[in-house]
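See structure below.
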Amino acid sequence: MRWLILLAALALAACEVAPTPPAPIGTEPVPQGRWTPEQAAVAFRQVVERVEPVAERECRQQTRGVNCDFRIQVDGNTRAAPNAFQSLGDDGRPNI
């Protein structure tokens, strides 16, 4: 019985909650409430700068003969329904 208690105590001692990683240096806090168009544009550019190289690298690693030069942009049509999709431009470049 003592061994069982000791074993349970050791098992519980091995359980540890992973610490939350700190925010990357140089990141701005997300503004609360509504964003101005300028704030939204800056945030979008920051996301594109971080996501695009990773997406392109993963595309190249997982495919062969596919154009992985993504064009990430916001549709300027303000009447269009909210949507996120990938299509090919007239030049064959994938648009996101």
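All values reported here derive from a predicted model rather than from experimental measurement. The figures here come from the full heavy-atom set of this structure, side chains too, leaving out hydrogens, waters and symmetry mates.
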The reported gap from CD in Glu52 to CZ in Phe70 (rounded to nearest 0.5 angstrom) is 9.0 Å
Any link between Ile96 and Val48 through a network of hydrophobic side chains (Ile, Leu, Val, Met, Phe, Trp, Tyr) touching at under 4.5 Å?
yes
Calculate, to the nearest 0.5 Å, the distance between atoms CD1 and CD belonging to Ile72 and Glu56 respectively.
7.0 Å
Mind checking what makes salt bridge (Lys or Arg N to Asp or Glu O under 4.0 Å) contact with Arg93, not counting sequence neighbours?
Asp69
Which residue pairs pass the disulfide bond (SG atoms under 2.5 Å apart) test when at least one of the two sits in residues 36-96, sequence neighbours left out?
Cys59-Cys68
Tell me every residue that passes salt bridge (Lys or Arg N to Asp or Glu O under 4.0 Å) with Asp91, counting only those two or more places apart in sequence or in another chain.
Arg71
Counterpart residues, side chain to side chain contact (heavy atoms under 4.5 Å, CB included), relative to Val47 (two or more places apart)
Val51
Identify the two heavy atoms, one from Ala40 and one from Trp35, that lie closest to each other, and give their separation to 0.1 Å.
CA-CE3, 3.3 Å
Between Thr63 and Val66, is there a donor-acceptor pair closer than 3.5 Å when you use the side chain of the first and the backbone of the second?
no
Under the rule for side-chain hydrogen bond (donor to acceptor under 3.5 Å, both in side chains), what residues qualify as partners of Gln62, not counting sequence neighbours?
Glu58
Residues 73-87, side-chain donor-acceptor partners within the protein, below 3.5 Å, at least two apart:
from: Asp75; atom 1: OD1; to: Asn77; atom 2: N; distance (Å): 3.0
from: Asn77; atom 1: OD1; to: Arg79; atom 2: N; distance (Å): 2.9
from: Asn77; atom 1: OD1; to: Ala80; atom 2: N; distance (Å): 3.4

